[in-house]
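Everything below concerns the one structure shown next.
What you see is a predicted model, and the numbers here were worked out from it, not measured in a lab. What you see below is based on every heavy atom in this structure, not just the backbone, and it leaves out hydrogens, waters and symmetry mates.
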Amino acid sequence: MSAPVMEEPLLRSPGFRNLFVANAVSQLGSQISYVALPLLAVTVLGAGAGEIGLLAALSTITVLVLGLPAGAWADRVRRRPVMIAADLARAGVLLSVPVAWWGGWLSMGHLYAVAVLVGAGTLLFDVASLSLVPGLVGRGRLTSANSLLVGTSSGMDIAGRSAAGVLVQVAGAPLAVLADALSYLWSAAWLRGVPEPGSTAVREVAVREPLGRQISAGVRFLFGDPVLVAALVQGTMANLAFPLCSVLLPVLIVDQLGYPEWVLGAYLAVGGLGALAGSASAHLIGRRLGTGRATWLVSLATAPASLLIPFLDRGPWLWGAAAAWFVLTFRTGVNNVLLVSLRQRVTPDDLLGRMTATMRLLLMGAVGLGGLLAGALGEIWGVRSALVTGALIMAVSWVPILLSPLRRQP
């Protein structure tokens, strides 16, 4: 009887390792800007709740315009050059922020444009990256690969958001944005060592097919699969709730409660720690319970924590809310690994870009809508009304999985 063949660790593969490092570096810089841009708007430009909500929404609402064409395009072309071009474009756009600040002509309009353009670059990068992973590692290792990618992304959340709070306080928000721009350049350099798996013949057929027909095929595939639909509805609810619970935190924590910027960074970093713990545990939880049971049981068990978020205030309430934030992001880490792997497993290679883009269109559209809704609620009824709304949506976001065939997925 022959001994079982031991698979090479994923990080021993040069192609996956380069993709892993590029994603990690890029994510570190992105989390710095996640904190630095709204703080720049609040502390330098005097932005209020409505302007911060719009800024957050514009960073993702670009997906609503470009999402479907981006997916069809990613199925037509080589994906690595798309990712490199997206990194270089985002670096150039972000470099304009410290230049404008130094020149004295920075405005909210400029930050809005930056949010739109960076959002477009992020869309193209993510669609191409998620479509590249199955061919790079094989479908049998998707959960392990996504656990590494999502876990490292969560680790960068912690490092980036913590560093951002300190960096903004010590050096100022414009220099923090400059650090993000440099991270995209570094990411582009690492991507040069990532191979491009996949069939050239399949892409040539895709190029000959009309773009509209390609887009329609991707949409039909997604909405024709009840498992993917359930994952989509659950993710849409969570993505709507998270910005309601987080977009106005610079206004609440720094402006209204009077805490220094590093406290905001620490609070957000607790969320990164939760997502890191969840993504690191996802492979074991999924293997023990199965993908379907794991996603809805973990979501159900963590749902009550969302109800603590609206009580964020001075003293112990701040860290009580931070602990609840950790629990909620733990669930997000588990779901991101298991559900992204499930989507990649059930989707044919030639539809991966379109399925991913269609999914992102709705998931990121929900994030944009959540940002707009947070700004509107903050202006009309105050910051806490947005937190309450987000907490209630989060508390029931596990129901779509329970009511679908997804709960029985192995």
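- Contact detail for Gly390 and Ala241: the closest heavy-atom pair is O-CB, 3.3 Å.
- Formation of a donor-acceptor pair under 3.5 Å by the Ser397 side chain with backbone atoms of Met394 is found in this model.
- Ser107 places a side-chain N or O within 3.5 Å of a backbone atom of His110 that can act as its donor or acceptor partner.
- Side-chain polar atoms of Asn335 and Thr295 form no donor-acceptor pair below 3.5 angstrom.
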Query raised in the report: Thr302 and Trp398: side chain to side chain contact (heavy atoms under 4.5 Å, CB included), yes or no, with the steps?
Result: CA-CA 10 Å; Thr302 57; Trp398 53 273; over 6 Å; no
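- Taking the six-membered ring for Trp, Phe242 and Trp325 have ring centres closer than 6.0 Å.
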Under 3.5 Å donor-acceptor pairs involving side-chain atoms of residues 172-180, not counting sequence neighbours:
{"residue": "Asp180", "atom": "OD1", "partner": "Ser30", "partner atom": "N", "Å": "3.1"}
{"residue": "Asp180", "atom": "OD1", "partner": "Ser183", "partner atom": "OG", "Å": "3.3"}
{"residue": "Asp180", "atom": "OD2", "partner": "Ser33", "partner atom": "OG", "Å": "2.7"}

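- Residue Leu40 holds its CG atom at 9.0 Å from CG of Leu55, rounded to the nearest 0.5 Å.
- The two atoms that bring Ala321 and Tyr267 nearest to each other are O-OH, 3.7 Å, heavy atoms only.
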Query - Residue pair Val298, Ile285: steps toward the side chain to side chain contact (heavy atoms under 4.5 Å, CB included) verdict - result: CA-CA 9 Å; Val298 170; Ile285 295 173; 4.3 Å; yes
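- Between the side chain of Ser306 and the backbone N or O of Ala303 there is at least one donor-acceptor pair closer than 3.5 Å.
- More than 12 heavy atoms of other shown residues, nucleotides or ligands fall within 6.0 angstrom of atom OH in Tyr112.
- The two atoms that bring Ser187 and Val25 nearest to each other are N-CG1, 4.2 Å, heavy atoms only.
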Requested in this report: Please step through side chain to side chain contact (heavy atoms under 4.5 Å, CB included) for the pair Leu191 and Asn18, ending with a clear verdict.
Outcome: CA-CA 6 Å; Leu191 286 171; Asn18 286 351; over 6 Å; no
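- Atom-to-atom distance recorded for Arg192:CZ and Met83:CE is 15.0 Å, nearest 0.5 angstrom.
- With rounding to the nearest 0.5 Å, the separation of CZ in Arg331 from CG in Asn336 is 10.0 Å.
- For the atom pair OG (Ser281) and CZ (Arg288), the distance works out to 13.0 Å, reported to the nearest 0.5 Å.
- Nearest heavy atoms, Gly121 versus Arg90: C-CD, 3.9 Å.
- Other residues, nucleotides and ligands place no more than 12 heavy atoms under 6.0 Å from the CH2 atom of Trp381.
- Side-chain contact between Leu312 and Trp317 is absent, with no heavy atoms from C-beta onward closer than 4.5 Å.
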Report task. Step by step, work out the side chain to side chain contact (heavy atoms under 4.5 Å, CB included) result for Glu379 and Glu51. Result -> CA-CA 10 Å; Glu379 288 286 350; Glu51 290 167 306; over 6 Å; no
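- Among residues two or more places apart in sequence or in another chain, the ring pair (Phe, Tyr, Trp, His ring centres under 6.0 Å) test is passed with Phe125 by none.
- With Leu244 as the fixed residue, the side-chain contact (heavy atoms from CB on, under 4.5 Å) test singles out one of Leu387, Leu377, Val388, Leu369: Leu377.
- Leu402 is not listed as a side-chain neighbour of Leu300, based on a closest heavy-atom distance of 4.5 Å or more.
- Between the OG1 atom in Thr389 and the CZ atom in Arg384 there is a gap of 13.5 Å [rounded to 0.5 Å].
- Two residues are said to be in side-chain contact when any heavy atoms from C-beta on lie closer than 4.5 Å; Leu88 and Tyr184 fail this criterion.
- Between Val270 and Ala322 the shortest heavy-atom distance is CG1-O, 3.2 Å.
- With contacts defined as side-chain heavy-atom distances shorter than 4.5 Å, the pair Thr329/Leu273 does not qualify.
- The two residues Gly278 and Val334 have their closest heavy-atom pair at O-CG2, 3.3 Å.
- Between the side chain of Ser96 and the backbone N or O of Gly92, no donor-acceptor pair lies under 3.5 Å.
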In a table with atom names and distances, give each donor-acceptor pair under 3.5 Å that connects a side chain of residues 225-239 to protein atoms at least two apart or in another chain.
{"residue": "Asp225", "atom": "OD1", "partner": "Val227", "partner atom": "N", "Å": "2.9"}
{"residue": "Asp225", "atom": "OD1", "partner": "Leu228", "partner atom": "N", "Å": "3.4"}
{"residue": "Thr236", "atom": "OG1", "partner": "Leu232", "partner atom": "O", "Å": "2.7"}
{"residue": "Asn239", "atom": "ND2", "partner": "Leu363", "partner atom": "O", "Å": "3.1"}

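- Between atom OG of residue Ser279 and atom CZ of residue Phe330 there is a gap of 9.0 Å, rounded to the nearest 0.5 Å.
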